[in-house]
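Both counts, for ligands and for their atoms, begin at 1 and track the order of listing.
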Amino acid sequence: MLRDEDFFRIEGVPITKEEIRAISIGKLQLKPTDVVVDIGCGSGGMTVEIARRCKFVYAIDYSENAIVTTRKNLELFNIKNCKLIKGKGEEVIQSLKFNKAFVGGTKNIYKILDILTHKNTESIVINTIVLENTAKILNYFENIDRYNVEVVNVVVSYGKKINNGHMMLSKNPINIITCRLIDR
Ligand SMILES: C[S@@+](CC[C@H](N)C(=O)[O-])C[C@H]1O[C@@H](n2cnc3c(N)ncnc32)[C@H](O)[C@@H]1O
């Protein structure tokens with residue numbers, strides 16, 4: 001896993017933190033033949049990690065600053081197997097061919113999930129920080145029996161040196177939702 005400080009950053013453009021990237025990458029169970037969409041690529045933190053482990057990745061974000069940041073990071077890490085697309089995930093993915101999806105941007109999540117499930121996407125891994133979005137996603141999959149759904153809540157704490165040792169400072173919890181198409 002790359003370190004957060006190795007990435008080019010622009011203020012205001014989020015990045016998925018190293019430890020959350022590590023778990024999310026694990027949940028995607030990437031294979032060298034996989035073609036992946038990264039919806040809401042932000043700084044490209046997940047895009048770069050995904051690209052290093054699969055055949056091809058489409059990175060999508062509607063924010064110009066996110067596109068600029070991801071482009072820089074693709075250059076920085078010499079990633080060639082990626083197409084960067086500026087636009088709304090729910091519109092862009094309609095015409096793309098892929099077998100796995102990572103969702104880091106949850107605006108219009110119902111529309112995104114409709115498309116991903118209709119395309120029988122093998123694995124869908126979603127990161128959410130807003131409780132209501134987690135609930136929306138879990139409720140959505142209640143009506144779809146073709147997918148196994150798992151949610152883990154991850155709180156990462158970083159050690160900070162103080163005069164008599166280390167104290168742990170926690171970041172906000174992240175929900176990682178993994179939806180796997182059931183093999184019938
Ligand atoms: C938390 S950031 C993702 C961070 C990214 N995974 C990384 O590692 O750098 C979420 C991003 O999703 C984008 N976003 C949210 N909903 C979107 C949508 N429906 N379509 C495209 N981009 C979206 C936002 O503009 C934002 O840049």
Side-chain angles (χ1 to χ4, degrees), residues 1-28 30 34 36-54 56-77 79 81-96 98 100-119 121 123-137 140 152-156 171-179:
M1 209 49 50
L2 296 160
R3 298 174 313 163
D4 291 345
E5 55 268 38
D6 293 336
F7 285 88
F8 169 80
R9 300 292 306 278
I10 289 182
E11 212 191 312
V13 181
I15 189 164
T16 303
K17 298 285 177 293
E18 178 184 338
E19 293 76 12
I20 302 298
R21 289 200 305 276
I23 298 174
S24 301
I25 286 289
K27 297 292 181 189
L28 276 167
L30 292 173
D34 285 334
V36 185
V37 283
D38 179 6
I39 301 169
C41 60
S43 298
M46 279 297 292
T47 309
V48 170
E49 303 282 10
I50 293 168
R52 285 154 60 106
R53 294 165 173 85
C54 75
F56 200 82
V57 55
Y58 295 98
I60 305 154
D61 208 297
Y62 52 54
S63 147
E64 178 61 24
N65 273 352
I67 295 295
V68 169
T69 312
T70 299
R71 184 175 294 118
K72 271 274 199 186
N73 281 315
L74 292 174
E75 284 166 13
L76 191 63
F77 296 104
I79 302 293
N81 57 337
C82 175
K83 184 170 181 191
L84 186 56
I85 305 169
K86 186 180 172 194
K88 296 178 181 170
E90 62 276 20
E91 290 172 3
V92 175
I93 60 171
Q94 309 245 26
S95 58
L96 299 179
F98 53 88
K100 291 187 180 171
F102 175 75
V103 184
T106 47
K107 189 138 192 243
N108 280 329
I109 190 65
Y110 287 136
K111 192 84 197 292
I112 291 171
L113 292 178
D114 274 347
I115 301 164
L116 294 179
T117 54
H118 277 112
K119 282 180 180 268
T121 308
S123 298
I124 305 167
V125 176
I126 311 163
N127 284 181
T128 61
I129 49 172
V130 177
L131 265 187
E132 287 76 3
N133 283 338
T134 307
K136 270 189 193 176
I137 295 161
Y140 178 93
V152 293
N153 180 267
V154 184
V155 180
V156 179
K171 293 281 177 191
N172 60 290
I174 311 275
N175 291 320
I176 302 176
I177 304 165
T178 305
C179 317

Mind checking whether I137 and T128 have side chains closer than 4.5 Å, heavy atoms only? yes

Closest approach of any protein heavy atom to atom 3 (C) of ligand 1, naming residue and atom: G40 O, 3.2 Å

Side chains of N73 and F8: closer than 4.5 Å at any heavy-atom pair? yes

For atom 17 (C) of ligand 1, what's the nearest protein heavy atom and its distance? Y62 CE2, 3.2 Å

Does the distance from a Lys or Arg side-chain N to an Asp or Glu carboxylate O, for D4 and R21, drop under 4.0 Å? yes

Tell me, please: is I112 in heavy-atom contact with ligand 1, that is, under 4.0 Å? yes

Can you list the steps and then say if F56 with F98 is a ring pair (Phe, Tyr, Trp, His ring centres under 6.0 Å)? CA-CA 9 Å; F56 200 82; F98 53 88; over 10 Å; no

What protein heavy atom sits nearest atom 9 (O) of ligand 1, and how far away is it? S43 N, 3.0 Å

If you scan protein heavy atoms around atom 4 (C) of ligand 1, the nearest is T16 OG1, 3.6 Å

Report the member of G104, C41, G12 with the shortest heavy-atom distance to atom 5 (C) of ligand 1. C41

Please determine whether a side-chain nitrogen of the Lys or Arg among R3 and E18 lies less than 4.0 Å from a carboxylate oxygen of the Asp or Glu. no

To the nearest 0.1 Å, how far is atom 20 (N) of ligand 1 from its closest protein heavy atom, and which atom is that? G89 N, 2.8 Å

